[in-house]
Colleague: 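The structure is given below, and queries will be raised subsequently.
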Amino acid sequence: MTKYNVNFDVDSVLRTVEALSRNQPEGTLEEESLRVCAAALLFVREDPHKLDEFREYFRKLTPPAVEGVKVDHVFATREAAETWLKQGDARDGQRLRVAGQGFTVIDLGARGLKLVRMPLPEELSPHKP
């Protein structure tokens, strides 16, 4: 599960942007865009207060991945979920909560749709360093 690092190392990001820009022909939109991104990071890096403000802005802009998991349907039992699946309303990739557990609808082509156990974020134990 991806989670953005709001405490990213500015110098590492700048080195990455520089490496990417070297692969772009000079004067292209891509090269200019990378140059602008690098200049913006240099600008905020100069003032710790600006950098802190940017980190807060970045945090608001990039919620943790767990917040992005949307449950499409909730069912009290596995049987109810299977009945719904057979009705033909399900779509590949839909997330379900079935009796408190996470599942995903998988399209198996000619074999039809199937529920596959995929825990929801709240079912996972927190990561401990």
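In this text the structure is predicted, and so the values were computed from the model without any measurement.
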Colleague: Under 4.5 Å between side-chain heavy atoms, counting indirect links through other Ile/Leu/Val/Met/Phe/Trp/Tyr residues: same cluster for L120 and V98 or not?
Modeller: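 Different clusters: L120 never reaches V98 through Ile, Leu, Val, Met, Phe, Trp or Tyr contacts under 4.5 Å.
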Colleague: L51 vs E56, test: side chain to side chain contact (heavy atoms under 4.5 Å, CB included). Steps then yes/no.
Modeller: CA-CA 9 Å; L51 182 56; E56 179 61 20; over 6 Å; no
Colleague: Among residues at least two apart in sequence or on other chains, which ones pass salt bridge (Lys or Arg N to Asp or Glu O under 4.0 Å) with E53?
Modeller: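 Once residues adjacent in sequence are excluded, E53 has no partner under the salt bridge (Lys or Arg N to Asp or Glu O under 4.0 Å) criterion.
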Colleague: For D9 versus S12, what's the shortest heavy-atom pair and its separation?
Modeller: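 The pair with the smallest heavy-atom distance is OD2-OG, 2.6 Å.
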Colleague: If you look only at distance, which donor and acceptor atoms sit under 3.5 Å apart when one is on a side chain in residues 101-108 and the other is two or more places apart or in another chain?
Modeller:
{"unit_1": "T104", "atom_1": "OG1", "unit_2": "R95", "atom_2": "NE", "d": "3.1"}
{"unit_1": "D107", "atom_1": "OD1", "unit_2": "G109", "atom_2": "N", "d": "2.8"}

Colleague: For the pair F54 and F8, name the ring-plane relationship: parallel under 30°, tilted 30 to 60°, perpendicular over 60°.
Modeller: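 Aromatic pair F54/F8 classed perpendicular.
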Colleague: Clusters formed by hydrophobic residues whose side-chain heavy atoms approach within less than 4.5 Å: which one holds M118, and what are its other members?
Modeller: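 For M118, no cluster forms, as it stays isolated from other hydrophobic side chains.
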Colleague: Verify salt bridge (Lys or Arg N to Asp or Glu O under 4.0 Å) between E82 and R78, making sure each step is shown before the conclusion.
Modeller: CA-CA 6 Å; E82 292 288 350; R78 176 74 185 245; 2.9 Å; yes
Colleague: Output a table of donor-acceptor pairs, distance under 3.5 Å, between side-chain atoms of residues 31-45 and any protein atom two or more places apart or on a different chain; print 'none' if there are none.
Modeller:
{"unit_1": "E31", "atom_1": "OE1", "unit_2": "G27", "atom_2": "N", "d": "3.2"}
{"unit_1": "E31", "atom_1": "OE1", "unit_2": "R35", "atom_2": "NH2", "d": "3.1"}
{"unit_1": "E31", "atom_1": "OE2", "unit_2": "R35", "atom_2": "NE", "d": "3.3"}
{"unit_1": "S33", "atom_1": "OG", "unit_2": "L29", "atom_2": "O", "d": "2.8"}
{"unit_1": "R45", "atom_1": "NH1", "unit_2": "D11", "atom_2": "OD1", "d": "2.4"}

Colleague: Rounded to the nearest 0.5 Å, what's the gap from CD on E18 to CG on N23? Could you check?
Modeller: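 If I round to the nearest 0.5 Å, the distance is 11.0 Å.
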Colleague: How would you list all residue pairs meeting side-chain hydrogen bond (donor to acceptor under 3.5 Å, both in side chains) that involve residues 108-118, not counting sequence neighbours?
Modeller: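 Sorted pair list: R117-E123.
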Colleague: Mind checking what makes salt bridge (Lys or Arg N to Asp or Glu O under 4.0 Å) contact with E79, not counting sequence neighbours?
Modeller: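 Checked E79 against salt bridge (Lys or Arg N to Asp or Glu O under 4.0 Å); zero matches.
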Colleague: Evaluate the criterion side chain to side chain contact (heavy atoms under 4.5 Å, CB included) for residue pair L115 and L96; output intermediate values, then yes/no.
Modeller: CA-CA 9 Å; L115 293 181; L96 311 177; 3.2 Å; yes
Colleague: Would F75 and V71 show up in the same hydrophobic cluster when neighbours are defined by side-chain heavy atoms closer than 4.5 Å?
Modeller: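 Different hydrophobic clusters.
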Colleague: Between K50 and D52, is there a side-chain N and carboxylate O pair less than 4.0 Å apart?
Modeller: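 The answer is no: the pair does not qualify as a salt bridge.
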Colleague: More than 12 non-hydrogen atoms from neighbouring residues, nucleotides or ligands closer than 6.0 Å to CD on E26, yes or no?
Modeller: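 Check fails, neighbour count at 12 or below.
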Colleague: Measure across A99 and A76 and return the closest heavy-atom pair with its distance rounded to 0.1 Å.
Modeller: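 Closest pair (atom of A99, atom of A76, distance): CB-O, 3.4 Å.
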